[in-house]
Protein chains: 2
Amino acid sequence: MIQTNPTILERQSSNLANGTRSSMAEPRRQRLSPDERRQQIFTHAQRLFNERPYEEVSTTEIAAEAGVARGLINHYFGNKRELYLEVIRISSTVSELVVATLPNGSLEERIDIAMVWFLDSLAQSGSTWLTLGSGGVSRDPELERILVASENKSIELLVVACGLATQSENKEQIRAMFRAYAQLARSGAREWLLRKTLTREQLSMLLVSTLRAIVEEAVPARNSRR
Amino acid sequence: MIQTNPTILERQSSNLANGTRSSMAEPRRQRLSPDERRQQIFTHAQRLFNERPYEEVSTTEIAAEAGVARGLINHYFGNKRELYLEVIRISSTVSELVVATLPNGSLEERIDIAMVWFLDSLAQSGSTWLTLGSGGVSRDPELERILVASENKSIELLVVACGLATQSENKEQIRAMFRAYAQLARSGAREWLLRKTLTREQLSMLLVSTLRAIVEEAVPARNSRR
DNA sequence: TCAACTATTGACATGGTGTCAATAGTGCTG
DNA sequence: CAGCACTATTGACACCATGTCAATAGTTGA
């Protein structure tokens with residue numbers, strides 16, 4: 001366990017702490033409504049899990065930061081893994097809020113619009129989504145399920161934007177290619193937002209040109225199956 | 001800890017076991033040369049780490065499978081993490097063995113050839129490389145370093161194949177785009193080899209068309225930077 | 001044959017996680 | 001307002017995984 005700050009183990013009584021700690025004896029136990037307490041723990045867990053990977057964040061630390069007994073985490077969330085999954089569940093659904101109604105128009109136009117929407121929602125949601133390793137890694141099956149479900153929604157949206165939704169045959173192939181494309185997009189977004197090696201325009205150009213190539217060249221290749 | 005087979009905790013005396021276990025008392029301790037013992041532990045660790053993710057494989061299990069005391073793992077490898085990194089280090093360098101000398105020719109031809117080489121080496125190395133989550137996740141810095149180094153080699157090769165090696169300006173942008181492309185390739189390979197949702201031809205078409213799009217459209221967009 | 005060497009072991013200490021009975025705020029009721 | 005039921009919260013306990021290290025037992029050479 002990494003102990004960066006020696007003061008984090010102190011009791012911190014959230015935001016409704018009375019400043020007169022020395023004069024007035026504050027209650028040794030703070031009793032909140034389950035919703036409040038749950039939210040409080042969740043907030044601190046969310047922050048810590050965004051700072052460091054799962055294994056390096058201990059429930060002891062989360063409890064200390066939230067100023068509660070460690071057992072309370074288990075009481076509200078079952079176990080550490082479930083708490084983590086809840087954090088991920090929130091992070092991965094941020095970008096789903098924006099469900100753009102796509103206008104009619106040429107493929108070019110719709111791709112452009114979808115890309116603007118994608119980049120905008122990314123710029124807002126920040127780096128949370130980027131650091132998730134949703135790449136079919138053999139990690140946690142439940143974690144996998146959550147990330148895949150979230151990704152599927154985005155992909156379905158993209159399929160619609162490209163006018164391939166009506167394509168009844170080769171459904172699976174199209175989805176597979178778009179899943180691969182989603183990884184390009186994710187990685188590209190990482191280059192843009194985290195590593196800052198690409199400008200937004202460059203990333204946009206990358207995403208648009210490759211997506212057009214997929215729709216116009218790779219997808220029509222459905223006749224090349226055996 | 002997952003205990004699938006109740007017999008794995010038994011002593012298994014590697015491959016040089018004498019069959020007369022009941023009659024001849026085999027030595028309670030088997031003393032091997034450090035190289036042999038190290039290799040033996042490594043082999044079992046490699047198998048287990050390929051079957052299940054890091055956290056779900058305990059050193060107790062590795063030691064049991066190898067038929068040695070758990071302390072020996074620390075003696076030879078320091079700690080569990082270093083053992084794991086050594087496994088990864090081997091897995092990620094498999095595909096580097098094939099260093100193709102690229103012929104001259106049109107961009108189209110060279111991309112085709114590079115892609116055949118890429119898919120061939122993938123088909124051989126199997127799923128080990130695919131399940132690695134090398135996506136800039138904030139995991140282990142050392143793990144990150146290893147995977148990035150391995151990936152960089154592949155990317156450099158691809159840059160040469162595309163005839164962009166001499167491009168002195170926008171070096172970083174080109175590399176960034178190719179890193180993103182590598183994720184598309186990795187994900188596509190996963191669809192081909194693991195999920196079997198794409199045929200080799202379809203994947204090849206996907207990779208070739210998108211790569212051509214990047215080289216011809218995205219990369220020349222270097223003048224669009226601010 | 002014996003002794004130095006060292007590969008190997010097993011007990012110990014540490015730290016993280018989950019469980020659960022005991023405890024102490026809180027609000028209701030007479 | 002006192003007392004009581006309810007339950008949010010605690011802290012001690014058991015369990016498991018990891019790392020350390022002194023003791024032990026094969027092995028090799030004199």
Side-chain angles (χ1 to χ4, degrees), chain A residues 1-3 8-14 16 18 24-42 44-45 48-49 52-85 140, chain B residues 1-3 8-14 16 18 24-42 44-45 48-49 52-85 140:
Chain A
M1 172 180 164
I2 299 169
Q3 192 67 280
I8 65 170
L9 288 177
E10 288 176 8
R11 190 64 169 270
Q12 75 169 44
S13 48
S14 188
L16 44 117
N18 46 1
M24 262 182 86
E26 72 177 12
R28 301 213 319 280
R29 287 191 184 185
Q30 258 218 13
R31 192 190 176 104
L32 300 181
S33 76
D35 280 352
E36 281 178 305
R37 187 64 84 190
R38 211 186 129 89
Q39 182 58 43
Q40 181 197 15
I41 295 174
F42 180 83
H44 289 272
L48 290 172
F49 280 134
R52 277 177 275 136
Y54 179 79
E55 312 85 34
E56 288 182 21
V57 177
S58 68
T59 54
T60 308
E61 187 179 359
I62 297 173
E65 289 264 306
V68 299
R70 195 171 50 77
L72 209 54
I73 292 179
N74 299 97
H75 180 257
Y76 280 117
F77 296 93
N79 54 31
K80 179 185 176 184
R81 186 174 146 275
E82 284 183 50
L83 170 57
Y84 177 70
L85 288 181
D140 199 305
Chain B
M1 174 181 161
I2 298 171
Q3 192 67 278
I8 64 171
L9 290 175
E10 288 176 8
R11 192 63 169 268
Q12 74 169 43
S13 48
S14 189
L16 44 116
N18 46 1
M24 261 183 86
E26 72 176 11
R28 300 212 321 279
R29 286 192 184 184
Q30 259 217 14
R31 192 189 176 104
L32 300 181
S33 75
D35 280 352
E36 281 177 304
R37 187 63 84 190
R38 210 187 130 89
Q39 180 59 42
Q40 181 198 13
I41 294 174
F42 180 83
H44 289 273
L48 289 172
F49 279 133
R52 275 177 276 134
Y54 179 79
E55 312 85 33
E56 289 183 19
V57 177
S58 67
T59 54
T60 307
E61 187 180 359
I62 297 174
E65 289 264 306
V68 299
R70 195 171 48 78
L72 210 54
I73 293 180
N74 298 98
H75 180 257
Y76 280 117
F77 296 92
N79 54 28
K80 179 185 175 183
R81 188 175 144 275
E82 285 184 49
L83 170 57
Y84 178 69
L85 287 181
D140 198 306

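All chains are named by letter (A, B, ...) in the order of the sequence lines, taking the proteins before the strands, and each is independently numbered beginning at 1.
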Quiz: residues 70-79 of chain B side-chain donor-acceptor pairs under 3.5 angstrom, not counting sequence neighbours:
residue	atom	partner	partner atom	Å
B:Asn74	ND2	B:Gly78	O	3.1
B:Asn79	OD1	B:Arg81	N	3.4
B:Asn79	OD1	B:Glu82	N	3.0

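The aromatic rings of B:Phe49 and B:Tyr84 stand perpendicular to each other, their planes meeting at an angle above 60°, with 30° marking the opposite boundary.
In this structure, B:Tyr54 atom OH and D:dA17 atom C1' are separated by 11 Å, rounded to whole Å. Atom-to-atom, CD of B:Gln39 to P of C:dA7 comes out at 17 Å; the value is rounded to the nearest Å. Rounded to whole Å, the distance from CG on B:Leu83 to P on D:dA17 is 16 Å. Between A:Arg52 atom CZ and C:dG16 atom P the separation is 11 Å, expressed in whole Å. Straight-line distance from the CD atom of B:Glu36 to the P atom of D:dT27: 11 Å, rounded to whole Å. Following rounding to the nearest Å, B:Leu32 (CG) and C:dC5 (C1') show an atom-to-atom distance of 17 Å. If you measure from atom CZ of B:Phe77 to atom P of D:dT18, you get 15 Å, rounded to the nearest angstrom. Residue A:Ile73 contributes atom CD1, which lies 13 Å from atom P of C:dT19 at whole-angstrom precision.
For D:dT9, one of the phosphate oxygens OP1 or OP2 lies less than 4.0 angstrom from a side-chain nitrogen or oxygen of A:Arg37. Remark: A:Tyr76 is not in phosphate contact with D:dA8, judged by side-chain N or O atoms under 4.0 Å from OP1 or OP2.
Nearest-nucleotide assignment on DNA chain C puts the 5′-proximal partner with B:Arg31, out of B:Arg31 and B:Ala69. When the nearest nucleotides of DNA chain D are assigned to A:Ser33 and B:Val57 by heavy-atom distance, the more 5′-ward of the two goes with A:Ser33.
Rounding to the nearest 0.5 angstrom, the gap separating the CD1 atom in A:Ile62 from the CG atom in A:Leu83 is 5.0 Å.
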Kindly give the atom pairs (protein nitrogen or oxygen, nucleotide nitrogen or oxygen) under 3.5 Å for nucleotides 19-22 of chain D.
residue	atom	partner	partner atom	Å
D:dG19	OP2	B:Asn74	ND2	3.3
D:dG19	OP2	B:Lys80	N	3.2
D:dG19	N7	B:Arg70	NH1	3.0
D:dG19	O6	B:Arg70	NH2	2.7

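Out of C:dA24, C:dT6, C:dT8, the shortest distance to the side chain of A:Arg29 is found at C:dA24.
For B:Glu65 (side chain) and B:Ala45 (main-chain N/O), no donor-acceptor pair under 3.5 Å exists by modelled atom type.
When all heavy atoms of B:Arg37 and B:Val68 are compared, the closest pair comes out as NH1-CG1, 3.5 Å. Closest approach of B:Gln40 to B:His44, counting heavy atoms only: O-CD2, 3.1 Å. The two residues B:Glu61 and B:Leu48 come nearest to each other via the heavy atoms OE2-CD2, 3.9 Å.
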